[in-house]
*Asks:* 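Pasting in a structure now, in structure tokens, and then I'll have a few things to ask.
Values below: every heavy atom of this structure, side chains too, minus hydrogens, waters and symmetry copies. Here is how names work: the chains are called A, B, and so on, in the same order as the sequence lines, proteins then strands, and each is numbered from 1.
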Amino acid sequence: MRSGQGKKPDKFTIINELARRRGFFWQSCEIYGGASGFVTYGSLGARLKQNIEDKLRELFVNKLGMLEIESPVITPGKVFEASGHVDHFREPMVECLKCKRRFRADQLLEESAKISSSETEKLGLKGLEKAIEEHGVRCPECGGALGKPKYFLTMFKTTIGPYSKVVGYGRPEAAQGIFVEFRRLYELARERLPFGVLQIGHALRNEISPRQGLVRLREFTIMDVEFFFDPEEPNCFLLKDVEDETLKLVLAENRSKGSEEAVEVTVKEALEKSYIKAEWQAVFMALAKKLLITLGVPPEKQRFIEKLPWERAHYALQCFDQEVYLERLGWTEVSGYAYRTDYDLKRHMQFSGVDMRIYKEYKKPVEMEKAFLKPVMSTLGPVFKAEAAKVADLLSKADPEVVEASVKGSGCYILGKYRILPEHVKIMHRKVEERGKHLIPHVVEPTFGLDRLVHTALEYAYRVKEGRVLLSFPRDIAPVQVGVYPLVSKDGLPEKALQVYRTLLDEGFVAEYDEAGSIGRRYARADEAGTLLGVTVDYETLKNETVTIRDRDSWKQVRTKIEDLPQLLRKYLMYKADFEDLGKLIKS
RNA sequence: GCGGCCGUAGUCUAGUUUGGUUAGGACAUCAGCCUGCCACGCUGACGACCCGAGUUCAAAUCCCGGCGGCCGCACCA
């Protein structure tokens with residue numbers, strides 16, 4: 001839709017209009033007035049997005065050897081209760097009864113009643129309502145009275161099965177699908193740390209106000225990587241490869257002083273100065289920077305911004321967002337790097353009762369003295385009577401070291417409502433050989449918003465040359481690799497061009513054939529779709545089996561043999577040949 | 001969600017103030033002719049008043065509601 005403001009359109013508007021016109025993507029369900037926050041990709045857009053996905057796969061799955069899974073979008077309620085999302089993925093809102101503006105109830109209290117965020121977090125809806133009353137908090141805009149606080153849940157909620165009251169949620173991230181399958185995945189990783197698991201798929205967030213095209217959607221494509229490592233061996237074996245790569249970091253420390261200035265440091269320095277807490281996290285950030293460069297975003301248009309404590313997700317110990325500079329929206333998040341520690345596995349362990357720990361064998365068995373305890377029934381019996389058996393059972397499950405320390409220290413050990421005295425328990429020490437121990441892996445999580453990357457790729461590919469629009473996509477993400485055209489549609493040229501076209505399809509290229517309109521118009525059309533190369537069949541083709549190849553960006557042309565096309569194009573697409581290597585230059 | 005502005009073919013728009021003939025143009029698309037390398041030309045075709053109620057003899061135009069867009073506020077773990 002047009003802006004309605006009559007202003008000169010900015011790049012964001014131009015990209016969205018181009019995208020709609022050429023079928024990259026558009027708002028879904030337009031025939032019913034459109035659905036805000038939902039998009040449909042057309043063939044060019046779907047291919048562009050798949051190509052970007054494949055770039056991520058190439059890095060994480062092929063090069064780093066991670067596992068890839070696909071898990072359901074609809075997820076039983078328990079999962080997101082355990083993950084903490086049900087408690088955290090909602091905001092308490094209050095509405096001013098007078099001016100109808102809405103505010104975060106907790107933020108109002110923090111500002112006008114000086115209650116700390118850690119305290120407001122503990123308050124429920126009733127607590128918030130009471131606190132608002134007690135402190136006489138009023139609408140900060142018009143001074144009107146406030147209504148009752150209500151939760152706005154940003155997850156999509158549904159029920160599972162026809163008669164079931166079982167609650168399910170649309171996943172707001174793909175990560176939990178990985179955590180809940182951890183035990184099987186660990187087996188698939190041959191029970192060795194570290195290992196990574198990746199998932200690309202749709203996620204749902206019921207945003208209050210989705211605007212801004214692909215940048216904020218209610219249903220979007222996310223790529224989550226969960227990388228599991230041993231917290232006792234946090235070193236990253238890939239560090240050497242990227243330690244000299246520079247990163248632009250906007251640190252929380254500076255941000256809290258009101259400065260958005262970035263420090264530019266190498267990966268190595270960032271770790272030495274502990275700007276970044278986990279080695280793996282720093283390495284993923286460096287890899288992401290390089291990846292974005294291959295998508296067409298120059299380094300100076302990228303940065304990493306550290307989230308302030310209250311901006312961080314509930315599971316994150318430290319979090320950076322990778323941002324790219326977009327013309328209208330300014331610095332915009334395209335990926336996130338959270339150090340999730342053992343939070344998620346621990347929570348699923350608590351909620352499901354399933355052991356998520358891994359067994360770590362020591363290099364050498366460790367001989368150590370260990371305490372054991374044995375309930376003494378002859379003394380427990382007379383004191384606890386009928387409950388004696390239960391007490392003994394509880395006692396035998398207690399940690400012997402703790403019981404021993406407590407009994408020796410204070411003369412007793414409090415076991416629930418029972419008081420255990422020294423004579424109730426016999427504590428022994430035995431030498432044992434420990435071969436290993438159980439631990440919960442730590443997790444660093446790189447996560448990418450694919451739709452935002454699509455927008456970014458479009459915006460950075462956009463060029464205007466001699467008044468014509470062209471999308472200068474990098475070779476490996478261009479949605480169409482080669483267009484095949486007859487110079488004119490007569491004298492057998494279309495037939496020959498179709499032959500060349502079919503050959504290229506058979507060779508596995510993404511090719512398109514076009515004979516409508518003049519040759520110039522077809523080149524222009526192809527440029528606007530980002531088609532990388534144009535192969536033109538002309539009268540010389542009929543004489544000597546050669547064709548011209550045209551470069552989208554420079555409009556230069558070379559002439560080459562048809563039979564050499566497949567291998568030349570293949571080299572070109574892999575950046576193993578330049579355009580001039582494709583044949584004899586005939587037009588520059 | 002709130003406030004302001006706005007919604008006419010695939011795209012950009014004229015028309016709305018002051019209700020009145022068949023809603024006009026350009027680009028794009030398709031067909032035919034033309035066309036020997038960068039949006040050529042000619043002929044033709046397809047194609048629109050966001051949706052729903054209301055006022056009226058008559059609604060793109062006025063009123064109301066909804067949906068959607070842009071900007072600002074709020075929100076975006």
*Asks:* Of all the choices, B:C75, B:C37, B:A77, which nucleotide is nearest to the side chain of A:Ala313 once you look at every atom?
*Replies:* B:A77

*Asks:* Do A:Arg468 and A:Trp555 meet the cation-pi criteria used here (NZ or CZ under 6.0 Å from the six-membered ring centre, within 45° of the axis)?
*Replies:* yes

*Asks:* Look at all strands and tell whether A:Thr548 reaches a base, only sugar-phosphate, or nothing, counting heavy atoms closer than 4.0 Å.
*Replies:* base

*Asks:* Between the side-chain atoms of A:Glu207 and the base atoms of B:C76, is any donor-acceptor pair under 3.5 Å?
*Replies:* no

*Asks:* Expressed in angstrom and rounded to an integer, what is the separation of A:Ile586 atom CD1 from B:C37 atom C1'?
*Replies:* 8 Å

*Asks:* State which residues pass ring pair (Phe, Tyr, Trp, His ring centres under 6.0 Å) with A:His314; sequence neighbours excluded, sorted by chain then number.
*Replies:* A:His85, A:His88, A:Tyr343

*Asks:* Quick one: ring-ring contact (aromatic ring centres under 6.0 Å, His included) pairs with a partner in residues 519-544 of chain A, sequence neighbours left out?
*Replies:* A:Tyr485-A:Tyr523

*Asks:* Which residues satisfy the ring pair (Phe, Tyr, Trp, His ring centres under 6.0 Å) test with A:Tyr169, sequence neighbours excluded?
*Replies:* none

*Asks:* When both hydrogen-bonding distances must be under 3.5 Å and the geometry is Watson-Crick or G-U wobble, what is B:A39 paired with, if anything?
*Replies:* none

*Asks:* Classify the ring geometry between A:Tyr572 and A:Phe579 as parallel (under 30°), tilted (30 to 60°) or perpendicular (over 60°).
*Replies:* perpendicular

*Asks:* Could you work out the separation of B:C73 and B:A14 based on their C1' atoms and round it to a whole Å?
*Replies:* 35 Å

*Asks:* Specify the separation, in whole Å, of atom CG of A:Asp527 and atom C1' of B:C37.
*Replies:* 13 Å

*Asks:* Could you pull out all residues at least two apart from A:Tyr339 that satisfy ring pair (Phe, Tyr, Trp, His ring centres under 6.0 Å)?
*Replies:* A:His442

*Asks:* Using a cut-off of under 3.5 Å, enumerate the N/O to N/O pairs linking the protein to nucleotides 30-36 of chain B.
*Replies:*
| from | atom 1 | to | atom 2 | distance (Å) |
| --- | --- | --- | --- | --- |
| B:U35 | O4 | A:Ser489 | N | 3.3 |
| B:U35 | O4 | A:Ser489 | OG | 3.2 |

*Asks:* Write down the partner of B:A45 under the Watson-Crick or G-U wobble criteria, each distance required to be under 3.5 Å.
*Replies:* B:U29

*Asks:* Please evaluate the base of B:C76 for a donor-acceptor partner in the side chain of A:Arg205 within a cut-off of under 3.5 Å?
*Replies:* no

*Asks:* Tell me whether the OP1 or OP2 atom of B:C37 has a side-chain N or O from A:Arg521 closer than 4.0 Å.
*Replies:* no

*Asks:* May I ask you to verify whether the side chain of A:Asp538 and the base of B:C37 hold a donor-acceptor pair under 3.5 Å?
*Replies:* yes

*Asks:* Would you kindly check whether a donor in the side chain of A:Tyr485 faces an acceptor in the base of B:C37, or vice versa, at under 3.5 angstrom?
*Replies:* no

*Asks:* For B:G20, which nucleotide in any strand shown is its Watson-Crick or wobble partner with both distances under 3.5 Å?
*Replies:* B:C57

*Asks:* Could you tell me the separation between the CH2 atom of A:Trp26 and the P atom of B:C50, rounded to a whole number of Å?
*Replies:* 22 Å

*Asks:* Among B:G10, B:A77, B:A39, find the nucleotide with the atom closest to the side chain of A:His314.
*Replies:* B:A77

*Asks:* State whether A:Arg468 places a side-chain N or O below 4.0 Å from either non-bridging phosphate oxygen (OP1 or OP2) of B:C38.
*Replies:* no

*Asks:* In whole angstroms, how far is the P atom of B:C75 from the CG atom of A:Leu217?
*Replies:* 21 Å

*Asks:* Any salt bridge between A:Arg303 and A:Glu323, counting N to O under 4.0 Å?
*Replies:* yes

*Asks:* Using a heavy-atom cut-off of under 4.0 Å over every strand shown, decide if A:Ser36 touches base, sugar-phosphate, or nothing.
*Replies:* sugar-phosphate

*Asks:* If you go through the side-chain atoms of A:Arg550, does one of them form a donor-acceptor pair with the base of B:C38 closer than 3.5 Å?
*Replies:* yes

*Asks:* With sequence neighbours left out, what residues match A:Tyr337 under ring pair (Phe, Tyr, Trp, His ring centres under 6.0 Å)?
*Replies:* A:Phe304

*Asks:* Of A:Glu173 and A:Gln27, whose closest RNA chain B nucleotide lies nearer the 5' terminus?
*Replies:* A:Gln27

*Asks:* So what does A:Arg552 touch, heavy atoms closer than 4.0 Å: a base, only the sugar-phosphate, or nothing?
*Replies:* nothing

*Asks:* Give none if B:C2 has no partner; otherwise give the nucleotide forming a Watson-Crick or G-U wobble pair with it, both distances under 3.5 Å.
*Replies:* B:G72

*Asks:* Grab the CZ-P distance between A:Arg20 and B:A9 for me, whole Å please.
*Replies:* 11 Å

